[in-house]
There are 2 protein chains.
Amino acid sequence: MANRRASITDLAKTLGLSPSTISRALSDHDDVSEATKARVRQLAEELHYKPNQLAAALRRGRSNTLGVLVPHITGHFFPQVVHGIATEAAKLGFNVMICQSNEDTRQEQTNIDLLMNSQVEGIMVSLANTTHDFRHFEAVRQQNIPLVFFDRVVEDFEGSNISSVMIDDYQGAYQVVTHLIEQGCTRIAHLSGPLHLNIHKNRHQGYRDALTAHGIEVDEELILFCEMNQKGGTQAMRQLLKLPQRPNGVFSSNDLAAIGAVQAAKSQRLRVPQDVAVVGFSNEMFTTLTEPNLSSVDQRCEQMGKTAVQLLQKMLKGSPQRQGPPKPIVLKPKLLVRESSQRR
Amino acid sequence: MANRRASITDLAKTLGLSPSTISRALSDHDDVSEATKARVRQLAEELHYKPNQLAAALRRGRSNTLGVLVPHITGHFFPQVVHGIATEAAKLGFNVMICQSNEDTRQEQTNIDLLMNSQVEGIMVSLANTTHDFRHFEAVRQQNIPLVFFDRVVEDFEGSNISSVMIDDYQGAYQVVTHLIEQGCTRIAHLSGPLHLNIHKNRHQGYRDALTAHGIEVDEELILFCEMNQKGGTQAMRQLLKLPQRPNGVFSSNDLAAIGAVQAAKSQRLRVPQDVAVVGFSNEMFTTLTEPNLSSVDQRCEQMGKTAVQLLQKMLKGSPQRQGPPKPIVLKPKLLVRESSQRR
DNA sequence: GAGGGTTCCGGATTCGATTCCGGTTGTTAG
DNA sequence: CTAACAACCGGAATCGAATCCGGAACCCTC
């Protein structure tokens, strides 16, 4: 038995009413008597009737669905953000459609198209790190589909007329370096990723500014660009320890490289944090599992996802004409001091 | 300018053709001349025409969307599986809609309804751990919507007539214990979670059977039920080390507790693996970051997601009448021997 | 040049819900 | 007793695409 779902006309026929009345009854419209409403509701219950969202969405022009496009759903950060997004979206009654760009601009384009064709009401994007051309977002613009970037945002786009949510990387880095200085570090190295990514750029700048603000001259020798993983961190640290004047503090732009640095230091019989204090960035879950526990900066991942959804909803509700100029939302990061940088 | 998207009728009008021809031209139907196909395609290009998936889905009765329902998108496991799902779904041309039950049966029900109303073509579910009543899946059944459970599956459901993907926890545990025995461990302890969860039950059984198979009597004193996190592992290990005859090997049902156990051992000046060898389960990403690196069992998370999608697709393609009895797919786990259990 | 085939296209219908515009009752006021 | 109005409901159009059915135009053949 091909158990087709009951449609609104099925209800109409068995009750001897018209589809329009059924529709109105189910949406609790005033033009329907309580008596018939009750009848309709009861039958709907019996037949397990559920409105076809596709049809309703098509008619209304509202799909009740939000799109998410992330580089990938691995590691710590993106899953957390997606978690925040899904949770908040569910609370507001939205479905969530999810895509991965795999850090590839072409897939990013395809997925943006896909989401738009699926008539999502809004799109949240974190850019692939290979994306330098933003034309595919121009289309989203033109269709007046609310668009929010998070974490990896575009810098210049139509006069930076975009909504975005990110954390204050600069501020986070600044806090880290200040903390290291307060712990007595005098030569603070920095492990950085490529500066064309704004996260690294801003952390790098925060590092420099914090040093100068405290009267410490920036030593370019202490700034190393490496692969931001464990191995990269280890190699970079080895190099730093060969310097005639080795650093006594390290600020790494992410946690993995920081762990690598710690291990390199320990393998040379240096004590962390007494000889070298190390701080990472991202507050990955493993930071509390290593020895010593790794100081890091919390990125408020979940909050970021939540905020992105709320921002979208605001844009959806606001009049399309005048919803105010979109201003980037910047979340405050939180420095978490743990064993790797606590010198007492 | 309210830039409404171009529809198929817009194309029809400006080209002086009928919507049906446009539709056929775009789907490369034989009944349209190459000349007009070219004209249509060109105009479509110019107007950035993209078919409205909602309308097409409604008409065709196929939404091209798969639904995923997981307890949550946090930690290591579920994001990895979702990653696998999203990747494979994209490859096969499906969209993915994602929901979280937050380990709550009611939310699980609501989300199942939601997915069904959104006309997804198939659903993948990992159960909330509070779910003991499976009536909400009965509806999915009745609508003939393909349903695949993964990892947390239902045991008895309509004569266990369900599709599922899981890993062989029993086998994984068995391998671990065998490995520990081969490394010379004679007293092997087991840290377990509550046995009403099938993952712990099966791992526990694998532990017992592997011991007896190698002629070692199971010592109930060495089996501890604890919170499966770092702290729980530490406490359990401390207790084990107070025994008159302390264990020289530990198999923990997850990695976090294993790390806790390692730390407890190290804090009592025991060497890992020489004095106590430790193996965890799940192959969390931090297993390669601790000292020593933690031996563990890989759960094939991504593979699980991929397999779930493939299974769904097979069900979608197969004739609804005879697609064979759904048999559970059991993935082989992979023991990864690292420093914490390698004694040479 | 009549019959039979292609080739290419249009009209109308359909998917399932929403919604505009009316129309039929029944009630009440004048 | 009629006009006016409210309460309730139906018909039909609509969203955008897919598809069934049929028809015009053209070519070929005997």
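Here is the naming used below: chain letters follow the sequence lines, and residue numbers restart at 1 for every chain. Just the heavy atoms: all of them, side chains too, but no hydrogens, waters or symmetry mates, feed the values below.
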| field | 4.5 Å side-chain heavy-atom contact, B/L11 and B/L47 | value | yes
| query | What is the distance, rounded to the nearest whole Å, between atom CG of A/L26 and atom P of D/dC9? | reply | 13 Å
| Whole-Å distance separating the CG atom of B/L58 from the P atom of C/dT14 | 14 Å
| query | D/dC15 P sits how many Å from B/R5 CZ, rounded? | reply | 15 Å
| request: Nearest whole angstrom, please: distance from the P of C/dC8 to the CD of B/E34. | output: 9 Å
| said: Can you pull out the residues from residues 14-24 of chain A that lie within a 4.0 Å heavy-atom distance of DNA chain D? | reply: A/G16, A/L17, A/S18, A/S20, A/T21, A/R24
| task | Decide, yes or no, whether a salt bridge links A/E138 with A/R141 under the criterion of side-chain N to carboxylate O below 4.0 Å. | result | no
| note | Taken to the nearest whole Å, CG/B/N117 to C1'/C/dG16 is 13 Å
| query | With no angle test and no hydrogens, is the base of D/dA18 tied to the side chain of B/R59 by a donor-acceptor pair under 3.5 Å? | reply | yes
| Electrostatic pair A/E103-A/R152, nearest N-O below 4.0 angstrom | yes
| request: Between B/S33 and B/A55, just flag the one whose closest nucleotide in DNA chain C comes earlier from the 5' side. | output: B/S33
| request: Check whether any side-chain N or O of A/S23 sits under 3.5 Å from a backbone N or O of A/T21 as a donor-acceptor pair, and report yes or no. | output: no
| request: Starting from C1' on C/dC15, measure out to CZ on B/R60 and report it in whole angstrom. | output: 12 Å
| task | Using a cut-off of 6.0 Å, state whether more than 12 heavy atoms not belonging to A/R106 lie near its atom CZ. | result | no
| message | I'd like to know if the side chain of A/S7 and the backbone of A/T9 have a donor-acceptor N/O pair within less than 3.5 Å. | response | yes
| query | Quick one: which of B/H83, B/Q310, B/Q303 gives a side-chain hydrogen bond (donor to acceptor under 3.5 Å, both in side chains) with B/E88? | reply | B/Q310
| query | Between residues 36-53 of chain A and DNA chain D, which residues have a heavy-atom gap below 4.0 Å? | reply | A/T36
| query | Is there a donor-acceptor contact under 3.5 Å from the side chain of A/S126 to the main chain of A/F150? | reply | yes
| query | Has the side chain of A/T105 got a donor or acceptor atom that lies under 3.5 Å from a matching backbone atom of A/T130? | reply | yes
| message | Just the rounded figure in Å: distance from P of D/dA18 to CG of B/D30. | response | 16 Å
| said: Expressed as a whole number of angstroms, how long is the span from A/D31:CG to D/dG10:P? | reply: 12 Å
